[in-house]
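Chain identifiers are assigned alphabetically (A, B, ...) following the order of the sequence lines, protein sequences preceding nucleic acid strands; residue numbering begins at 1 within each chain.
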Amino acid sequence: MLDIKLIRNQTAQVQAALGKRGLYDLQPLLDLDDKQREIEKKRSELQAQSNETGKAVGQKIREGADPNGEEVKALREEGNRVKQEIGALEPQERELNAQIEEILLTLPNLPSDSTPVGKSEDENVEVRRWGDELIPSSAGRLPHYEIGEKLGIMSFERSVKIAQSRFVTLIGAGAALERALISFMLARHTHEGYTEILPPILVNSDSMQGSGQLPKFAEDGFKCDRDDLWLTPTAEVPLTNYHRDEVLTDDQLPINYCAYTPCFRREAGSYGRDTRGLIRLHQFNKVEMYKFVHPDSSFAELEALTADAEDILQQLKLPYRVIELCTGDLGFGSAKTYDLEVWLPSAEKYREISSCSNCVDFQGRRANIRFKESGKKGTQYVHTLNGSGLAVGRTMAAILENYQQPDGSVKVPDVLQKYMGTDTIRAT
RNA sequence: GGAGAGGUGGCAGAGUGGUCGAAUGCGCUCGACUUGAAAUCGAGUGUACCGAAAGGUACCGUGGGUUCGAAUCCCACCCUCUCCGCCA
């Protein structure tokens, strides 16, 4: 959520920054804000008057005036009159506040100054590449889902029977590889100072709003209607809301969390795309990293977070590149985002496997997460960052394709062998 | 699912219609004492909104209601805890 004060006082700058993402007209919001403040001012003056009257009644009675006498009665009537005036203003103010809130909740974050300006993903900027020399020749490379089915370690057909399309069932070494990846990633992150969290993966609507999925992206989520609970689309949701409505102290920051969770997404609007394989499923596993940090350090923390995600790919020896998203492709809550894209030989393409974002104070304001700086008055909103470290299914896909061998087997990456108890996956 | 208890400031815990944003204790900050620390003593210490400021307003789980006036009374809802049932 954007700061209404910022919008009010620096309208031109905010308008320009939003303009880089698309078209947003702030004028209706500003008009509502003007009206709201005018009414609030009036109402609070009347309220003061009413408080005075109330006090006067108490005063008189304590001084021995007849509670039913003329003097007190006159004051009561005065009180009633003021109360009526207030009663007329209150619904107006409530309505205005609701409208303002509604607009604020649908405005995306401002892109950072350093974010490249562009309309679509075509204008994203490649920042760096790693592991070019590891890219295998693509001759004879099968797509991961064919490898998986040949090895007997994944089944899409049976998953349709159990659930529907866009689900996978992993079998034997496939299940073990998924589990190995989760363990490996968590071990790496906890070793580097991230505290492991295993949160609820059903979350309420307040949580979905706090991290930015609601109200705008209700279509994308799976919901349990009877309970007002949603299946988490990402661990970012429970992790953000873990500290919702809290006031932290500056010596607690930065807070680093990592979490493994299943993630659930409808993937509405992508019906024709990635219909086969592990790339786009309704349910997938992800290890997420999340930071609550001091505003002064959030952009440096984004570099660190991205490096933490990259380290997983480097340890797995998977070639990848780092993309900085342009303003037109930036996520709703993000001010600056790096995507990590891993090389998929069968497609001869890089595919997104991680997204690392600095949301600055956007989620902090939505979820009301503040911190107190010792020696300073008042509170400030924390800055939050999130990054996949990594999407597990896509990592599995990348391993199967990059590590496949001429005989049809798949070599297990060195760092995973101790988790798998084997160095090769073969058809059984 | 059934029965009961309860939700007050960073924490603990008073407060059952008026001067209560809220006693007291702990914690925290500053000061005094001390070589330093502890202990002790003194002062201070919530958040948000409006306002240039003075100041004003709101907030005692949430939302309504009664009243000139509500933490306190009434209604609804939410949540937590205990016991019973069920259950991995």
* To do: State the OG1-CG distance between A:T384 and A:D361, to the nearest 0.5 angstrom.
  => 8.5 Å
* To do: Counting Watson-Crick and G-U wobble pairs only, both distances under 3.5 Å, name the nucleotide matched with B:rA88, or none.
  => none
* Can you tell me, in whole Å, how much space there is between the C1' of B:rC28 and that of B:rA12? => 15 Å
* Measure the shortest side-chain to side-chain distance between A:Q49 and A:E45 over non-hydrogen atoms and say whether it is less than 4.5 angstrom. => no
* Separation between the C1' atoms of B:rC20 and B:rU16, rounded to whole Å -> 13 Å
* Asked: Distance only, no hydrogens: is a donor on one side chain within 3.5 Å (strictly under) of an acceptor on the other, for A:E101 and A:N97?
  -> no
* To do: Measure the distance from CG on A:D251 to P on B:rC28 and round it to the nearest whole Å.
  => 12 Å
* To do: Quote, to the nearest angstrom, the C1' distance that separates B:rG18 from B:rC81.
  => 35 Å
* To do: Check the distance between B:rC79's P and A:D228's CG and give it to me in whole angstrom.
  => 10 Å
* Asked: If you measure from the P atom in B:rU72 to the same atom in B:rU19, how many Å do you get, rounded?
  -> 13 Å
* Determine which nucleotide pairs with B:rG69, using a 3.5 Å limit on both distances of a Watson-Crick or G-U wobble pair. => none
* A:Y242, OH: over 12 other non-hydrogen atoms inside 6.0 angstrom -> no
* Could you please name the partner base of B:rC60, counting Watson-Crick and G-U wobble pairs only when both distances are under 3.5 Å? => none
* **C1' atoms of B:rA58 and B:rG13, separation to the nearest Å** => 25 Å
* Using a 4.0 Å heavy-atom cut-off, write out nucleotides 44-65 of chain B from 5' to 3' as B (base contacted by protein), S (sugar-phosphate only) or - (no contact). => ---SSBSS----SSS-----S-
* Structure fact -> When both distances are under 3.5 Å in a Watson-Crick or G-U wobble arrangement, the nucleotide paired with B:rA14 is none
* **Reported OG1-to-CG distance for the pair A:T261 and A:N285, which is rounded to 0.5 angstrom** => 8.0 Å
* Integer angstrom distance from the C1' of B:rU80 to that of B:rG65 -> 26 Å
* Counting Watson-Crick and G-U wobble pairs only, both distances under 3.5 Å, name the nucleotide matched with B:rG21, or none. => none
* Among A:F371, A:F292, A:Y290, which one satisfies ring-ring contact (aromatic ring centres under 6.0 Å, His included) with A:H243? -> A:F292
* Atom-to-atom span, NZ of A:K60 to C1' of B:rU19 - whole angstrom -> 15 Å
* **Length of the line joining A:E246:CD and B:rC11:C1', which is rounded to integer Å** => 14 Å
* Asked: A:E71 has an atom CD; how far is it from atom C1' of B:rC68, in whole Å?
  -> 14 Å
* **A:E77 CD to B:rC68 C1', straight-line distance once rounded to whole Å** => 10 Å
* What is the pairing partner of B:rU82, taking Watson-Crick or G-U wobble pairs with both distances under 3.5 Å in any strand? -> B:rA3
* Whole-Å distance between B:rG10 C1' and A:E373 CD? -> 18 Å
* **Watson-Crick or G-U wobble mate for B:rG27, both contacts under 3.5 Å** => B:rU45
* Write down the distance separating the P atoms in B:rA48 and B:rC11, rounded off to the nearest Å. => 16 Å
* Asked: If you find the nucleotide of RNA chain B closest to A:I61 and the one closest to A:S50, which residue's nucleotide is nearer the 5' end?
  -> A:I61
* Structure fact -> CG of A:L318 to CD of A:E310, rounded to nearest 0.5 Å, is 13.0 Å
* Give, for atom CZ of A:R276 and atom NE2 of A:H144, the distance between the pair rounded to the nearest 0.5 Å. => 9.5 Å
* **Within-4.5 Å side-chain heavy-atom neighbours: A:E90 and A:I86** => yes
* To do: Could you check which nucleotide pairs with B:rA32 in any of the strands shown, counting Watson-Crick or G-U wobble with both distances under 3.5 Å?
  => B:rU40
* Asked: C1' atom, B:rG46 versus B:rU29: distance in rounded Å?
  -> 14 Å
* To do: Take atom CG of A:L46 and atom C1' of B:rC68, then tell me their distance rounded to the nearest Å.
  => 15 Å
